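This is a predicted model, so every value here is computed, not measured. Naming: A, B, ... by sequence-line order, numbering from 1 per chain.
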Amino acid sequence: MQRYNPKDVEPKWQKIWEESGIYTSDLTSKKPKYIAMSMFNYPSGSGIHIGHAMNYTISDVKARFKRQQGYESYHPVGWDAFGLPAENYAIKTGVSPMESMANIIPGYHKQYKAMGWSNDWEKEISTHLPEYYRWTQWIFSEMYRNNLAYQDSRLQWWCPIDNTVLANEQVIDGKCWRHDGPDDPLAEKKEVKQWFFKITDYADELLEAIDGLDWSESVKLAQRNWIGKSIGANIKFKVVGSNDVIEVFSTAHDTIYGATFMVLAPEHELVKKLTIKAHSKEVEAYIQAAERKSEVERQTTKDKTGVFLGSYAINPVNNKEIPIWIADYVLVNYGTGAIMAVPGEDERDYEFANKYKLNIIYTTKDQKFINYQDIKSSPSKYIVANSNEFDGLTFKEARPKILQQLEDLGSGKAKVNYRMLDWSVSRQRYWGAPIPIIHCPKCGPVLVPDDDLPVILPELTDYQPTGDGRSALARATDWLKVSCPSCDGPAERETDTLDTYIDSSWYMYRYFDPRNQDKIFDSELVKKWEPIDFYNGADHATAHLLYARFIARFFKKIGLVNEAEPFNQFVFNGKVTSSDGSNFSKSKGNGVDPLEIIDNGYGADALRTYLMFAAPLELWTRWDPQGVPGAYRFLNRLWTLVSEYLDAQEGELDKDIEESIKKVINPVIKKVTEDIESNRYNTAIAASMGALNELYKLKAKSLVKNPVWLDAISSLVALIAPFAPHIAEELWQRLGHSLTVHKDSWPKPDDKYLASDNVTIVVQVNGKLRSQLLLPAGVSEEDATQAAKDNDKVSRYLEAKEIKKIIFVKDKIINIVIN
RNA sequence: GGGCGAGUGGCGGAACUGGUAUACGCGACGGACUUAAAAUCCGUUGGCCUUUAAAGCCUUGAGGGUUCGAGUCCCUCCUCGCCCACCA
């Protein structure tokens, strides 16, 4: 008997699959379609790690399962190739990122194939190739034409190491996401002119559609929080002795009679104007200190500080003059960058008022501090006070009336506010898609005509940003100087490149038409294949997934797609950590290399099976060094069963053994089908293991070459094929099947053998387990009761007792209640 | 501070709408095969429990409740994880 050796089996089939192209999808097929994919990979010099092995196996299993079920299953592959690491490497070494990618990506091809992933390599895409980024640029142009792209000067996060702007989500605990070590400097703020996409126009739509998504709940919640919708009012306060007006956003406008001072963010545009001379020194010092203060300090030191500007505003509802302060607990980015402070009902304002001895007016009948959060959650419980004609009303009654009063006074109106800001898409970096804009001194910014796309990224010798805020492209003079498409005068190209999140927010559509030279993609094809049926990843719960949803909605609006949501199902899977629970990291040297495990002789199949078996997909898994050997043992046992079957003599089976074999295999077919369908891979594998153990017991009784054994073993091989595709293919063909196991092979359970003729009925007395009876399925309550009473183990509890009640659950349990 | 989720053997984890808790795997122990080991195969493996068995009792973070019956539902508390966080 030949031993199971993955080193022979796996490369053999990888080669055959590649040559026969069995994973190449026919996108025009008449079969029902299915597309399963994981978030695509950023190629780096270090190759794939165990986290990648986890991620990509999850979608591969799904894709294989559907392919076996007879779907035209498409498992695409691509590279998120633009981004900082390759550029930083280029700055250090002078090797162009284009060249790095050309060196790195072929290594990934080998690794992906070694893992046995069923990717369609014919349709491979990469975001850094002009054939791809031409359309990334086109999306920018379409956004611009639809008034969804605009340029603005903003205070932006700035990484002092990379000399580049950072998106909000790239700032983690006050530091650049790429430089967040203890010795790394804090991110700074810098005024930069840049391009934005108006994602806020879609905020409400994006928020409302979340409810209908078949996504991991934690991600849906994260998206809701990210969008951060609040309903309130914008209210204007006139400044005493001037025409200036301070506008605030408040969700608690019904407490306005308790507004006893105002607070502006230190960066607020009116601060200078409203500072009277006597206070200017103090104010300037405070602003400078706030600027220098890092975001971390602003967030962690909850101690409120601030200074009085010396001027006053008028509370529109009672005409009281209230002092204007600045304080860094008010954020310039949120709302209007200014608040009306209501110390009687807001904790932060209360603390501030106490510290600086500011007036406090309580607008509740209780005349003590009550957090507005509490009022908001039960507005009919609290009574309004100190609010003129509204005194005595509940907050529930007063809220609309006070808003009406503000509207009548012309001082306020209802307003919905979002935490989410417009998407900053400019990056002052080289390694990205150039923004297709030409700046003309006469015409201003002009779009590069579509026919001139792509704007090709020129090769350089020095990739270092210029340090004046512009990317290295500013040095490529030949490239930079162009004539204006509109007036033909001398002009310059935009030197910013597009945020790589744009590349990744539309790639799923390009998968359906990767080589199209005329259009971003063939809409008819995409409309046939959208949405992505299955998508998974362990990161990017907010930014990437939200941006992709935004782009999908935009594509729908301009008629490119039919579905507003790009991903039907999204699984936010867990990661793999080292055995002690800490993250794998290169610096700690505790990483586990998937290729090493394969090369050690365990093979990709055992690795894949272990990863899918260790825990439910959403859970984080600790790496268990014994796990892969365990999975290997299981596959080896299957190999042995098949080999012994092939060596067996032809023969007849006893009817009851035949029956037993069928009753092992049919329920497991049903279970594995349901479990993979609902992403419970771990229990699917457990059930297959259980079935194999049962077949081992039956094999000891009688193993002969016979259709019943062949059918059972073949079915089991087909069931594990999504997890362990190589060994499954090998055994499948050894069993005599001429076609591949990976297409149209999924077994269907025979209902006749799903339920057994006899069932174990549990007998309880007063809810305690006393005995188990093997009775015919569907046994009546009367018969079951009689059988229970006749049973020694039960009857001894019934002696001299009165039976009060009998609970009977068909085919499951009988509970005799006595006193 | 807010939100979400989770606490089950030595470990990873099973248990569908309440109905045999601990499936499956790892580890451990015993046996077979072997000169020996590895590999493989066959057993045992929640606790009280000490040689086994029988019988019994206990056991899903803690305490209480609902129910014939609770890992599952309700209340109180503890612990851990994740996400958001001076968001007006």
Side-chain angles (χ1 to χ4, degrees), chain A residues 3 216-222 224-226 228-230 232 248-253 255 263 265 298-304 327-331 333-342 345-349 351-352 371-373 417-420 541-542 572 574 579 581 609-610 613-616 618-631 633-634 636-637 640 671 674 678 680 682-693 696-697 700 760-772 793 796 804-818:
Chain A
R3 287 194 51 173
S216 299
E217 282 303 316
S218 60
V219 176
K220 289 166 73 166
L221 186 74
R224 285 191 195 100
N225 290 341
W226 185 262
K229 180 179 183 172
S230 18
V248 302
F249 172 72
S250 173
T251 54
H253 62 261
T255 60
V263 188
R298 272 175 84 153
Q299 283 175 10
T300 50
T301 53
K302 305 253 165 163
D303 230 16
K304 308 269 175 300
D328 62 9
Y329 77 90
V330 174
L331 308 173
N333 275 340
Y334 185 78
T336 61
I339 63 160
M340 62 175 202
V342 186
E345 281 86 29
D346 183 285
E347 257 180 17
R348 295 153 302 180
D349 300 344
E351 191 189 326
F352 195 80
N371 197 327
Y372 189 73
Q373 298 297 318
N417 196 59
Y418 297 93
R419 196 196 80 105
M420 182 172 74
T542 45
F572 194 52
S579 347
T609 304
Y610 162 66
F613 173 68
E618 320 79 63
L619 250 57
W620 286 51
T621 310
R622 288 185 181 202
W623 178 257
D624 176 0
Q626 294 304 327
V628 174
R633 229 164 283 161
F634 162 59
N636 192 36
R637 276 162 68 80
T640 305
K671 170 134 181 83
E674 288 169 356
S678 48
R680 293 191 302 257
N682 58 330
T683 53
I685 294 169
S688 305
M689 288 171 166
L692 182 63
N693 292 345
Y696 255 62
K697 284 178 195 154
T760 305
I761 296 204
V762 170
V763 184
Q764 298 180 337
V765 178
N766 279 358
K768 290 206 173 190
L769 173 71
R770 294 304 176 193
S771 184
Q772 296 164 22
K793 290 180 186 170
R796 82 172 75 151
K804 283 174 68 180
K805 199 174 174 185
I806 288 177
I807 313 283
F808 179 71
V809 181
K810 198 181 157 203
D811 288 350
K812 277 202 174 143
I813 202 165
I814 178 161
N815 187 8
I816 301 172
V817 185
I818 57 178

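- Residue order along RNA chain B, read from the 5' end via each residue's closest nucleotide, puts P616(A) first among V809(A) and P616(A).
- One atom, CZ of R622(A), and another, C1' of C26(B), lie 15 Å apart when rounded to the nearest Å.
- Evaluation of atom-type donor-acceptor distances gives a pair under 3.5 Å for the side chain of N815(A) against the base of C68(B).
- G56(B) adopts an anti glycosidic conformation, its chi angle falling more than 90° from 0.
- Pairing partner, C24(B): G12(B), with both Watson-Crick or wobble hydrogen-bond distances short of 3.5 Å.
- Each of U40(B), C41(B), G19(B) was ranked by its minimum atom distance to the side chain of N636(A); first place goes to U40(B).
- Of the candidate nucleotides C16(B), C24(B), C86(B), C24(B) has the atom lying nearest to any side-chain atom of N693(A).
- The nucleotide whose nearest atom lies closest to any side-chain atom of M689(A) is, among A14(B), C86(B), G25(B), G25(B).
- For I339(A), the listed nucleotide lying nearest its side chain is A88(B); candidates were G19(B), A88(B), C24(B).
- The residue among R637(A) and A252(A) whose nearest nucleotide of RNA chain B is located toward the 5' end is R637(A).
- Taking only side-chain atoms of N682(A), from C-beta outward, the nucleotide of U20(B), G25(B), A14(B) with the closest atom is A14(B).
- Distance N766(A) CG to U67(B) C1': 13 Å, rounded to the nearest Å.
- The CD1-P distance, from I685(A) to C24(B), rounds to 15 Å in whole Å.
- With G13(B), C83(B), G25(B) as the choices, the nucleotide that has an atom nearest any side-chain atom of L619(A) turns out to be G13(B).
- The side chain of R419(A) lies closest to C87(B), out of G19(B), C24(B), C87(B).
- Judged by the 6.0 Å and 45° rule, K304(A) forms a cation-pi pair with Y329(A).
- Nearest heavy atoms, T609(A) versus I685(A): O-CD1, 3.6 Å.
- Of all the heavy atoms in A327(A) and F352(A), the pair that sits closest is CB-CE1, 3.8 Å.
- Look at R633(A) and you'll find a side-chain N or O under 4.0 angstrom from OP1 or OP2 of C26(B).
- Atoms CZ (F808(A)) and P (C68(B)) sit 19 Å apart, rounded to a whole Å.
- In this structure, the separation between CD1 on I807(A) and CD1 on I813(A) is 9.5 Å, given to the nearest 0.5 Å.
- The nearest whole Å value for the distance from the CZ atom in R3(A) to the C1' atom in C41(B) is 13 Å.
- In this structure, the nucleotide among U20(B), C24(B), C4(B) sitting nearest to the side chain of T760(A) is U20(B).
- The side chain of L769(A) approaches U20(B) more closely than any other nucleotide in the set U20(B), C41(B), C16(B).
- Residue E618(A) contributes atom CD, which lies 11 Å from atom C1' of G5(B) at whole-angstrom precision.
- What separates CZ of R770(A) from C1' of G69(B) is a distance of 13 Å, to the nearest Å.
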Problem set entry | Residues V330(A), R348(A); criterion side chain to side chain contact (heavy atoms under 4.5 Å, CB included); working and verdict | CA-CA 10 Å; V330(A) 174; R348(A) 295 153 302 180; over 6 Å; no
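- Using a 4.0 Å cut-off, no side-chain N or O of S688(A) falls inside it from OP1 or OP2 of C24(B).
- At the phosphate of C58(B), OP1 or OP2 sits under 4.0 Å from a side-chain N or O atom of K768(A).
- Applying the 3.5 Å distance criterion, the base of C68(B) shares no donor-acceptor pair with the side chain of K804(A).
- Using the Watson-Crick or G-U wobble rule with both distances under 3.5 Å, G7(B) pairs with C78(B).
- Across C87(B), U20(B), C68(B), the shortest atom-to-atom separation from the side chain of Q772(A) is found for U20(B).
- Between R224(A) and C83(B), a side-chain N or O to OP1/OP2 separation shorter than 4.0 Å is absent.
- Remark: C86(B) base-pairs with no nucleotide in the shown strands. Criterion, Watson-Crick or G-U wobble with two distances under 3.5 Å.
- Residue G574(A) comes nearest to W620(A) through the heavy atom pair CA-CD1, 3.8 Å, listed as atom of the first residue, atom of the second, then distance.
- The shortest non-hydrogen separation linking R637(A) to N693(A) is NH2-OD1, 2.8 Å.
- In this model, the phosphate group of G27(B) is approached by a side-chain N or O of Q626(A) to a distance below 4.0 Å at OP1 or OP2.
- Spacing between atom CG of D624(A) and atom C1' of C11(B) amounts to 8 Å, rounded to whole angstrom units.
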